[in-house]
Amino acid sequence: MLDRFALPLFAAPHRLVASACLRAGLSANAVTMIGAVTGLAALPTLAAQHPSWALALILVNRFLDGVDGTMTRKGVTGPTDRGAFLDTVCDFLFYAAVPLGFALAEPAVNALPAAVLLASFIGSATTFLAFAVAAAKRGMMSPTYPNKGFYYLGGLTEGTETVLLFCAMCLWPQHFASLAYGFAAACAVTTMTRLYFGVRSL
């Protein structure tokens, strides 16, 4: 829901860093992998109960996620299927890593809410990706996110909301359970609305 407003705010710094990476000879896929390694490092950091350090890793990961996309649009080859594939896989691995890190930090308290949150991610992710596959077969393009590598189906819980959730969890880890259950409910709404839109549109 907030992605369409948040993405333009970071366009200028993304372009600045993307230009620097291109001058340094880095590819967009290399930046994707650097961002993925950084984001996945939040898992052991959270498990070791260092949420402040994890917060820094999460923010770097999300910033680089915007940089690699900007690089593809500025580069010679432009967006590629390989790049879109890598970016999507790395994103979802990162989204799963953060709740798992909290669960490992305090299993007795966090394991169940983390499991519920991860299950809700499955619902929103499968409706998102399943629609993208069908939309690609029909040549459909998202009018809201035309620069994405595939049809980006929005919802109540998108990337920006998820990042804000992870930040709140790192800042107030004692409230992880409440935050997880609340966001899981919001993801359920996203799943239902995407399911409804998908069935009506295909």
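As the structure is a prediction and not an experimental result, all values here were calculated from the model.
Under the 4.5 Å side-chain criterion, counting only non-hydrogen atoms from C-beta, Cys167 is in contact with Leu55. Side-chain contact between Ser201 and Phe131: present, with at least one pair of heavy atoms (C-beta onward) separated by less than 4.5 Å. Using a 4.5 Å heavy-atom cutoff, the side chains of Val189 and Met192 are not in contact. Side-chain contact check for Glu161 versus Leu156: every heavy-atom pair is 4.5 Å or farther apart. Considering only heavy atoms from C-beta on, Cys170 comes within 4.5 Å of Leu46 through its side chain. Residues Phe63 and His14 form a side-chain contact, since some pair of their non-hydrogen atoms from C-beta on lies under 4.5 Å apart.
Heavy atoms only, all atoms of each residue included: Ala180 and Pro113 are closest at CB-O, 3.7 Å. Heavy atoms only, all atoms of each residue included: Met71 and Ala18 are closest at CG-CB, 3.5 Å. The shortest non-hydrogen separation linking Thr45 to Trp53 is CG2-CB, 3.6 Å. Considering all non-hydrogen atoms of both residues, Ala184 and Val116 come closest at CB-CG1, 3.8 Å. Counting all heavy atoms, side chain and backbone alike, Gly35 lies closest to Leu64 at CA-CD1, 3.7 Å. Nearest heavy-atom pair across Tyr95 and Gly159 is OH-CA, 3.7 Å.
Heavy atoms of other residues, nucleotides or ligands lying less than 6.0 angstrom from CZ of Phe10 number 12 at most. Remark: Tyr181 OH is packed, more than 12 non-hydrogen atoms of other residues, nucleotides or ligands lying under 6.0 Å away.
Checked by atom type and distance alone, the side chain of Arg194 pairs as donor or acceptor with a backbone atom of Ser124 at under 3.5 Å.
Using modelled atom types, one finds a donor on one side chain and an acceptor on the other under 3.5 Å when comparing Thr32 with Asp68. Under the 3.5 Å distance criterion, with hydrogens and angles disregarded, no donor-acceptor pair is assigned to the side chains of Thr127 and Thr191.
The pair Arg82-Asp87 fails the salt-bridge criterion, with no side-chain N (NZ, NE, NH1 or NH2) lying under 4.0 Å from an Asp/Glu carboxylate O.
The CG atom of Leu202 lies 6.0 Å from the CE atom of Met140; values are rounded to the nearest 0.5 Å. Atoms CG and CG, from Leu117 and Leu100 in turn, are 11.5 Å apart once rounded to the nearest 0.5 Å. Distance check: Phe94 CZ to Asp65 CG gives 9.0 Å after rounding to the nearest 0.5 Å. Here the CG-CZ distance, from Leu165 to Phe176, works out to 8.0 Å after rounding to the nearest 0.5 Å. Interatomic distance, Asn110 CG to Leu104 CG, rounded to the nearest 0.5 Å: 10.0 Å. From Thr190, atom OG1 reaches atom CG of Leu195 across 12.0 Å, with rounding to the nearest 0.5 Å.
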Point to revise | Residue pair Asn29, Phe85: steps toward the side chain to side chain contact (heavy atoms under 4.5 Å, CB included) verdict | key: CA-CA 10 Å; Asn29 289 344; Phe85 171 75; over 6 Å; no

**Study point:** Residues Val98, Ile58; criterion side chain to side chain contact (heavy atoms under 4.5 Å, CB included); working and verdict
**Key:** CA-CA 9 Å; Val98 174; Ile58 289 167; 4.1 Å; yes

Exercise for review: Check the pair Glu106, Phe102 against side chain to side chain contact (heavy atoms under 4.5 Å, CB included), reporting the backbone distance first and the verdict last.
Suggested key: CA-CA 7 Å; Glu106 294 190 71; Phe102 279 102; over 6 Å; no

Point to revise | Audit row: Cys90, Leu40, side chain to side chain contact (heavy atoms under 4.5 Å, CB included) steps and yes/no | key: CA-CA 9 Å; Cys90 290; Leu40 291 175; over 6 Å; no

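Test Ile34, Val17, Leu26 against Val67 for side chain to side chain contact (heavy atoms under 4.5 Å, CB included) and you get one pass: Val17.
In terms of hydrophobic clustering, with Ile, Leu, Val, Met, Phe, Trp and Tyr side chains grouped at heavy-atom distances under 4.5 Å, Leu43 and Val89 are assigned to different clusters.
Centroid-to-centroid, the aromatic rings of Phe121 and Phe92 stay 6.0 Å apart or farther.
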